[in-house]
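Some notes on the structure that comes next.
Side-chain atoms are counted along with the backbone in the values below, which use heavy atoms only and exclude waters and symmetry mates. Nothing fancy with the numbering, it's 1 onward along the sequence. Just so it is clear, the structure is predicted and the values come from calculations on it, not from any experiment.
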Amino acid sequence: MKKSVINILALASVITTAGFLLDGDAKEPNVLMRFTEYVAMLTIIFTILSGFYFGIKSVTKRLQILK
């Protein structure tokens with residue numbers, strides 16, 4: 001489980017970095033605000049990906065038990 005969490009975090013980091021670099025909006029001049037936005041987006045994407053991964057894993061495990 002620890003390896004899957006690290007892999008999800010790595011994927012979330014890649015997606016967040018790509019989104020941050022491809023963003024066309026004007027950047028805030030404050031470095032602290034940029035860092036806060038990055039960490040907030042990383043947290044949101046990590047939570048969504050974890051929910052999907054562990055939810056699907058739980059459903060498939062439950063379906064295997066029923067068979």
Side-chain angles (χ1 to χ4, degrees):
M1 183 166 152
K2 184 176 180 181
K3 185 176 180 177
S4 61
V5 171
I6 291 173
N7 287 339
I8 293 171
L9 183 60
L11 179 63
S13 178
V14 168
I15 292 171
T16 303
T17 303
F20 189 75
L21 293 175
L22 294 173
D23 187 22
D25 294 341
K27 301 291 185 210
E28 289 284 331
N30 190 356
V31 176
L32 182 61
M33 187 62 182
R34 285 188 194 178
F35 183 72
T36 304
E37 287 177 355
Y38 183 84
V39 170
M41 284 304 299
L42 181 64
T43 305
I44 291 168
I45 292 174
F46 176 76
T47 304
I48 291 170
L49 289 176
S50 295
F52 279 129
Y53 177 76
F54 290 115
I56 290 171
K57 188 174 179 182
S58 173
V59 168
T60 56
K61 186 175 181 182
R62 198 172 292 244
L63 289 175
Q64 286 178 354
I65 292 172
L66 293 176
K67 285 186 177 183

Exercise. Which value, rounded to the nearest 0.5 Å, describes the distance between T16 atom OG1 and E37 atom CD?
Worked result: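 Taking OG1 in T16 and CD in E37, the distance rounds to 12.0 Å.
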
Problem set entry | From I56 atom CD1 to K61 atom NZ, the distance as rounded to the nearest 0.5 Å |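 So the CD1 of I56 and the NZ of K61 are separated by 16.0 Å.
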
For this session: Over all heavy atoms of both residues, which pair between I15 and I45 is shortest? Give the atoms and the distance, please.
Result: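 For I15 versus I45, the nearest heavy atoms are CG2-CD1, 3.9 Å.
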
Exercise. What is the minimum heavy-atom distance between T47 and T43, and which atoms define it?
Worked result: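 In terms of heavy atoms, the two residues are closest at OG1-O, 2.7 Å.
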
Problem set entry | Same apolar cluster: I44 and F52, side chain cutoff 4.5 Å |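 The answer is yes; both residues are in one hydrophobic cluster.
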
For this session: State yes or no: do Y53 and V5 share one hydrophobic cluster built from I, L, V, M, F, W and Y residues joined by side-chain heavy-atom distances below 4.5 Å, directly or via other members?
Result: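 Both belong to a single hydrophobic cluster.
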
Problem set entry | Beyond-backbone contact of F46 with L11, side-chain heavy atoms, under 4.5 angstrom |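 Answer no - side chains too far apart.
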
Problem set entry | Under 3.5 Å: donor-acceptor pair, side chain of S13, backbone of L9 |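 It does not hold such a pair.
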
Problem set entry | Short side-chain to backbone donor-acceptor contact, S58 and F54, under 3.5 Å |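 Absent.
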
